[in-house]
Undergrad: 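Input: one structure, supplied below.
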Amino acid sequence: RQLYYWRVMQFRSGENSGWSENWSFRVDTVPPGLPTLVWPADEENENDATPNLDWSLPPENSYPLVSHIQVARDIFFNDLVENTLVLDDNFITSFLPDNVYYWRVRVRDNAGNWGNFTTRRSFRVDTVPPAVPTQSTPENNGWANENVTFSWSQVQENSLPVTYHLLVSQTSDFTSIVVDVWTTENTHTVTLYEYPYWWKVEARDDAGNGSGWSPVWTFKVDNTRPTQVQLAAPDNNQHVLEGTITLRWYHASDPFGSGLLAYWLEVDNEPTFASPKIYENYN
């Protein structure tokens with residue numbers, strides 16, 4: 001690259017006009033460098049069907065620079081959807097249907113030298129929201145202990161990862177929220193006090209599309225143990241005849257909780273109950 005200056009003087013009948021203004025021009029045979037692609041990042045998910053592609057221009061002697069932007073549906077840029085020259089470092093595309101696209105940019109300096117295209121990047125246009133998650137636990141109108149595990153279905157989605165928004169409230173209108181969490185898992189465990197609760201969950205894909213809320217489910221937490229079982233017969237240390245033996249006990253109670261579910265019975269020939277001979281779950 002070399003900068004030159006030039007001027008002209010006119011002669012007539014031995015007289016001259018004096019020198020003209022000094023002008024300059026640059027001989028530039030060196031192509032400009034590569035632009036730097038800024039946004040979208042490679043493999044970005046975007047819910048805007050007319051994304052604003054952004055890049056930064058390289059340093060250059062021969063300004064202004066003209067940018068050549070290409071957007072295609074294939075990695076070889078045979079199926080072009082944009083092939084445009086712009087006097088800027090960003091470009092808003094025409095409407096792009098949901099799909100994966102590839103883009104690249106090169107620049108031309110004011111001397112007419114073209115630089116190389118940047119390495120291609122890809123992005124996905126995704127304007128379709130994910131499905132609403134289906135709740136699993138705790139069951140609607142059910143009970144849970146203090147370590148409550150909330151679970152729901154994983155949704156199928158193109159724009160990964162999917163994040164889930166879980167809200168748990170002590171009021172049905174969600175004015176008293178006790179859990180407000182975003183997670184990429186479809187379960188979340190939290191410790192709660194004895195109280196009625198209401199909960200709902202929504203999904204959001206990586207493009208920013210939201211599913212909307214699931215139905216509101218309610219449940220109660222029971223952290224109080226039922227009363228201890230009192231044995232009735234046979235009496236302690238009593239001798240009984242060999243054969244069928246009836247074991248009896250008094251009913252336990254759970255007056256302030258979720259109610260009794262079952263009794264668990266064990267019989268062994270030693271007091272540690274290391275290897276019970278009989279164990280049954282009595283509903």
Undergrad: Using only atom types and a distance under 3.5 Å, with no angle test, would you say the side chain of Q135 pairs donor to acceptor with the backbone of P215?
TA: yes
Undergrad: When rounded to the nearest 0.5 angstrom, what distance separates CG in L37 from CZ in R120?
TA: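 If I round to the nearest 0.5 Å, the distance is 12.5 Å.
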Undergrad: For the backbone of W114 and the side chain of R106, can you confirm whether one donor and one acceptor N or O come within less than 3.5 Å of each other?
TA: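 Checked: no pair found.
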Undergrad: Starting from the C-alpha separation in whole Å, work towards a yes-or-no answer on side chain to side chain contact (heavy atoms under 4.5 Å, CB included) for D206 and L160.
TA: CA-CA 5 Å; D206 195 54; L160 300 175; 5.8 Å; no
Undergrad: Is a side-chain donor or acceptor of D42 paired with a backbone partner of S122 at a separation under 3.5 angstrom?
TA: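 Judged by distance alone, yes, a pair lies under 3.5 Å.
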Undergrad: I'd like to know if the side chain of N186 reaches the main chain of W152, judged simply by a donor and an acceptor atom lying under 3.5 Å from each other, with no hydrogens or angles considered.
TA: yes
Undergrad: With distance as the sole test, does N209 use its side chain to make a donor-acceptor pair with the main-chain N or O of P129 at under 3.5 Å?
TA: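 Side chain of N209 to backbone of P129, a donor-acceptor pair under 3.5 Å: no, none is there.
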Undergrad: For S151 and T187, what are the C-alpha separation, side-chain angles and deciding distance, and is it a side-chain hydrogen bond (donor to acceptor under 3.5 Å, both in side chains)?
TA: CA-CA 4 Å; S151 64; T187 65; over 6 Å; no
Undergrad: Check Q170 against W198 and note the closest heavy-atom contact, atom names and distance.
TA: O-CZ3, 3.2 Å
Undergrad: Would you check if N116 and L34 make a side-chain contact, meaning some heavy-atom pair closer than 4.5 Å?
TA: yes
Undergrad: Would you say that L166 contacts T183 through its side chain, given a criterion of any heavy-atom pair below 4.5 Å between the two side chains?
TA: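 The answer is no; the side chains never approach within 4.5 Å.
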Undergrad: Do N145 and V221 come within less than 4.5 Å of each other through their side chains, counting heavy atoms only?
TA: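 Not touching, per the 4.5 Å side-chain cut-off.
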Undergrad: Among W217, W199, Y197, which residue meets the ring-ring contact (aromatic ring centres under 6.0 Å, His included) test with F150?
TA: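 Running ring-ring contact (aromatic ring centres under 6.0 Å, His included) over W217, W199, Y197 with F150 returns exactly one hit, W199.
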Undergrad: May I ask you to test the N141-T218 pair for a side-chain heavy-atom distance under 4.5 Å?
TA: yes
Undergrad: Donor-acceptor check, side chain of S67 to backbone of D88, threshold 3.5 angstrom: yes or no?
TA: yes
Undergrad: Scan side-chain atoms only and decide if N147 and T191 contain a donor-acceptor pair under the 3.5 Å cut-off.
TA: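 There is such a pair (donor and acceptor under 3.5 Å, judged by atom type) between the side chains of N147 and T191.
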Undergrad: Taking atom CD as the centre, does Q238 end up with more than 12 heavy-atom neighbours from other residues, nucleotides or ligands that are less than 6.0 angstrom away?
TA: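 Count over threshold, so yes.
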Undergrad: For E139, does the CD atom have more than 12 heavy-atom neighbours from other residues, nucleotides or ligands under 6.0 Å away?
TA: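 No, not enclosed.
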Undergrad: Is there a donor in the side chain of S169 and an acceptor in the side chain of S176, or the other way round, less than 3.5 Å apart?
TA: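 Not at all, the side chains of S169 and S176 share no donor-acceptor pair under 3.5 Å.
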Undergrad: Go through the steps to decide whether D180 and H165 satisfy the test side chain to side chain contact (heavy atoms under 4.5 Å, CB included), and finish with yes or no.
TA: CA-CA 7 Å; D180 185 350; H165 188 192; 2.6 Å; yes
Undergrad: Do the side chain of D126 and the main chain of N45 share a donor and acceptor less than 3.5 angstrom apart?
TA: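 Judged by distance alone, no pair lies under 3.5 Å.
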Undergrad: Are T50 and D48 close enough that a side-chain donor and a side-chain acceptor fall under 3.5 Å?
TA: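 On atom types as modelled, these side chains qualify, holding a pair under 3.5 Å.
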Undergrad: Checking D222 against E194 for the side chain to side chain contact (heavy atoms under 4.5 Å, CB included) test, could you report, in this order, the C-alpha distance in whole Å, the side-chain angles of both residues, the deciding distance, and whether it holds?
TA: CA-CA 5 Å; D222 178 5; E194 287 190 337; 3.4 Å; yes
Undergrad: Might you work through the side chain to side chain contact (heavy atoms under 4.5 Å, CB included) test for W213 and L167, ending with a clear yes or no?
TA: CA-CA 10 Å; W213 290 106; L167 283 182; 3.5 Å; yes
Undergrad: Inspect the surroundings of OH in Y5 and state if more than 12 heavy atoms from other residues, nucleotides or ligands are less than 6.0 Å away.
TA: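 No - once you tally the heavy atoms of other residues, nucleotides and ligands closer than 6.0 Å, there are 12 at most.
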Undergrad: Would you check if the side chain of T36 reaches a backbone N or O of S56 as a donor-acceptor pair within less than 3.5 Å?
TA: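 No; judged by distance alone, with no hydrogens or angles, the pair does not exist.
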Undergrad: Is it the case that the side chain of D98 and the backbone of T127 share a donor-acceptor pair, with hydrogens and angles ignored and the cut-off at 3.5 Å?
TA: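 Answer holds: yes.
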Undergrad: Rounded at 0.5 Å granularity, tell me how far OG1 in T93 sits from CD1 in I69.
TA: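 Result: 9.5 Å between the selected atoms.
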Undergrad: Measure the shortest side-chain to side-chain distance between F91 and V105 over non-hydrogen atoms and say whether it is less than 4.5 angstrom.
TA: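 Sidechains of V105 and F91: no contact.
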Undergrad: Please give me the minimum heavy-atom distance between P130 and S211, naming the atom from each residue.
TA: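 Scanning both residues completely, I find the closest heavy atoms to be O-CB, 3.2 Å.
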Undergrad: For the backbone of R73 and the side chain of D79, can you confirm whether one donor and one acceptor N or O come within less than 3.5 Å of each other?
TA: no
Undergrad: Tell me if the CH2 atom of W19 is crowded by more than 12 foreign heavy atoms within 6.0 Å.
TA: yes
Undergrad: Taking atom CH2 of W23 as the centre, report whether more than 12 heavy atoms of other residues, nucleotides or ligands fall under 6.0 Å from it.
TA: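 Counting other residues, nucleotides and ligands, CH2 of W23 stays at 12 neighbours or fewer.
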